[in-house]
Amino acid sequence: MTSATEHNADHASAADPHANDAAPYGGGDPYADYRSGDFAFTELVDLADRRLGAGVIAANDEFFAERENLLVRERAVFDPEHFGHKGKIMDGWETRRRRGADADHVFPAPEDHDWALVRLGAPGVIKGIVVDTAHFRGNYPQRISVQATAVEGSPSPEQLLADDVKWDEIIAPTPVRGHAENGFEITTGRRYTHVRLCQHPDGGVARLRVHGEVVPDPEWLDTLGTIDLVAVVNGGSYEDASDKFYSSPTQIILPGTSRKMDDGWENRRRRVRDTNDWVRFRLVAQGAIRAVEIDTAYLKGNSAGWIALSGRNGESGEWFEIIPRTRLQPDTLHRFRLPAQAVATHVRLDAFPDGGVARMRLHGALTADGAAELRRRYTELTG
């Protein structure tokens with residue numbers, strides 16, 4: 001399923017193959033005429049985030065610009081004077097111009113295309129894809145398509161490309177706009193581990209984002225025993241927040257430690273007395289929380305003054321206290337050993353009155369009911 005933007009691009013491309021071109025760079029801010037989109041699914045975690053372990057593991061061609069650029073977190077940069085021995089250096093994945101078979105067939109065949117294989121950092125259900133062609137104004141692909149597959153373990157590119165691997169086409173060949181954010185809603189409702197981005201017939205793409213819901217392997221979590229019940233990689237997710245002015249609350253539950261101030265959740269300065277900021281998360285499944293870590297790394301003059309943590313068991317359960325209102329120190333890892341395990345499906349982190357939190361970990365184990373629910377969902381999405 002595509003957005004209205006892509007439908008318009010499709011109609012325009014049918015009438016004029018250059019209708020989706022952007023104007024040549026005219027100087028000044030290279031993003032001044034960038035065509036951005038507004039896609040609700042971008043609130044979901046990016047399954048192709050390098051911080052989750054994603055990678056571009058192969059491509060058939062990357063003559064002008066390396067495939068790895070597709071997953072860089074920062075938006076693409078453009079330097080009009082930056083040239084190398086192969087031509088203009090672009091911040092994205094760019095292939096050479098395809099040619100036909102001979103002098104009588106100078107254009108590539110309709111089925112010719114370039115491709116890049118992407119390993120998702122966290123397998124899951126894909127809800128939307130963004131194909132960003134920033135700064136590719138006349139050298140973007142005429143069409144793109146995306147296929148997805150589910151292959152467990154750590155398969156090589158050769159294994160993924162074998163004849164016995166089934167790939168689902170989740171985006172059929174569709175025109176895209178140059179120097180633009182092209183969004184596609186996905187409704188297949190299956191769990192995938194890898195995607196293949198195809199350019200028809202060739203060209204450049206700056207960034208690829210694959211938004212969705214993480215669905216972990218329940219056998220792996222069972223083997224681990226004690227896990228982080230709210231971690232993105234284990235299937236935890238951010239549901240709602242009072243404020244996300246500076247950064248997404250999803251970053252609180254990303255792997256690893258924060259590496260800079262904006263690598264966490266920071267809200268604007270709260271000016272209304274007797275109010276506070278908060279963020280709510282859904283756990284992997286029902287779990288018994290035994291210990292909590294709250295990290296304010298790199299938040300030195302803007303960390304939360306105090307926090308409190310509450311839990312809820314079930315969608316309609318009553319909120320109960322897990323950690324009472326507690327003072328935080330800036331740029332510090334705080335550890336809390338709970339006097340009794342807290343059984344919950346959701347948690348709410350309150351910051352008083354405002355301020356940032358870099359990371360939160362909820363250490364514990366799935367309950368029998370939680371493990372059964374996770375296995376049921378896994379089977380439903382992989383069967």
Side-chain angles (χ1 to χ4, degrees), residues 45 49 51-52 122 214 224-270 275-313 319-366:
V45 66
D49 192 328
R51 293 172 295 182
L52 302 182
V214 176
L224 293 178
T226 298
I227 62 170
D228 182 354
L229 291 164
V230 77
V232 163
V233 291
N234 292 336
S237 62
Y238 140 73
E239 285 192 330
D240 198 7
S242 60
D243 189 290
K244 46 191 175 182
F245 189 84
Y246 288 111
S247 53
S248 170
T250 293
Q251 299 193 139
I252 298 178
I253 56 175
L254 287 177
T257 57
S258 177
R259 293 178 293 177
K260 53 183 180 173
M261 191 179 72
D262 66 347
D263 186 10
W265 173 52
E266 185 190 356
N267 42 60
R268 76 191 84 188
R269 301 187 187 211
R270 182 165 285 269
T275 65
N276 69 278
D277 284 308
W278 54 268
V279 55
R280 187 177 74 243
F281 296 97
R282 185 181 71 240
L283 306 190
V284 179
Q286 186 189 69
I289 306 167
R290 300 168 185 166
V292 177
E293 292 184 53
I294 303 290
D295 192 359
T296 57
Y298 291 97
L299 296 162
K300 299 182 178 181
N302 53 352
S303 66
W306 292 262
I307 59 93
L309 186 68
S310 304
R312 186 179 72 191
N313 191 17
W319 289 101
F320 61 90
E321 182 179 88
I322 297 176
I323 298 175
R325 191 177 302 192
T326 303
R327 179 78 188 189
L328 292 188
Q329 299 299 317
D331 195 28
T332 299
L333 174 62
H334 308 76
R335 288 177 171 157
F336 304 91
R337 184 180 300 166
L338 303 186
Q341 66 182 21
V343 175
T345 57
H346 299 74
V347 295
R348 187 184 70 236
L349 178 66
D350 286 275
F352 299 93
D354 56 26
V357 171
R359 294 289 188 273
M360 178 176 71
R361 309 285 183 231
L362 305 181
H363 301 289
L366 294 175

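Of the inter-residue distances, the one linking Trp265 atom CH2 with Asn267 atom CG reads 5.0 Å to the nearest 0.5 angstrom. In this structure, CG in Leu362 is found 11.0 Å from CG in Asn234, a value given to the nearest 0.5 Å. Once rounded to the nearest 0.5 Å, the distance linking CZ of Arg270 with OG1 of Thr275 reads 4.0 Å. The line from CD1 of Ile253 to CZ of Arg361 is 9.0 Å long, rounded to the nearest 0.5 Å.
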Query raised in the report: Given the rule in the side-chain contact (heavy atoms from CB on, under 4.5 Å) test, do Thr257 and Arg359 qualify, once you have shown the distances and angles that lead to the verdict?
Result: CA-CA 7 Å; Thr257 57; Arg359 294 289 188 273; 5.7 Å; no
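Within the 4.5 Å cutoff, the side chain of Thr326 has no heavy atoms near those of the His334 side chain. Between Asp354 and Arg269, the closest side-chain pair of non-hydrogen atoms falls below 4.5 Å. Looking at heavy atoms from C-beta onward, Asp240 lies in side-chain contact with Trp278 at the 4.5 angstrom threshold. The shortest distance between side-chain heavy atoms of Val214 and Val233 does not fall below 4.5 Å. Side-chain contact between Arg348 and His346 is absent, with no heavy atoms from C-beta onward closer than 4.5 Å. With a 4.5 Å cut-off on side-chain heavy atoms, Val347 and Met360 count as touching. Residues Ile252 and Phe281 meet the side-chain proximity criterion, which asks for heavy atoms closer than 4.5 Å.
Taking the side-chain hydrogen bond (donor to acceptor under 3.5 Å, both in side chains) definition, one finds that Ser242 meets it with Asp277, sequence neighbours left out. Partners of Arg282 under the side-chain hydrogen bond (donor to acceptor under 3.5 Å, both in side chains) rule, at least two apart in sequence or in another chain, are Ser237. Checked against side-chain contact (heavy atoms from CB on, under 4.5 Å), Thr345 has the following partners two or more places apart in sequence or in another chain: Gln286, Asn313. Every side-chain contact (heavy atoms from CB on, under 4.5 Å) that Tyr298 has, sequence neighbours left out, goes to Ser258. Residues satisfying the side-chain hydrogen bond (donor to acceptor under 3.5 Å, both in side chains) test with Arg51, not counting sequence neighbours, are Asp49, Gln251, Asp263.
Leu254 and Leu52 get closest at one heavy-atom pair: CD2-CD2, 3.8 Å. Residues Val284 and Asp228 share a closest heavy-atom pair of CG2-O, 4.4 Å. The shortest heavy-atom contact between Gly356 and Leu299 is C-CD1, 3.3 Å. Closest approach of Asn276 to Ala351, counting heavy atoms only: CB-O, 3.2 Å. Closest non-hydrogen pair, Tyr238 versus Lys244, comes out as OH-NZ, 3.4 Å. Nearest heavy-atom pair across Phe352 and Ala308 is CE1-CB, 3.8 Å.
Asp350 places no side-chain N or O within donor-acceptor distance of the main-chain N or O of Ile307, the cut-off being under 3.5 Å.
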Using residues 287-295 as the side-chain source, report each donor-acceptor pair under 3.5 Å to any protein atom, sequence neighbours left out, with the distance given to one decimal.
{"unit_1": "Arg290", "atom_1": "NH1", "unit_2": "Thr226", "atom_2": "OG1", "d": "3.3"}
{"unit_1": "Glu293", "atom_1": "OE2", "unit_2": "His363", "atom_2": "NE2", "d": "2.7"}
{"unit_1": "Asp295", "atom_1": "OD1", "unit_2": "Ala297", "atom_2": "N", "d": "3.0"}

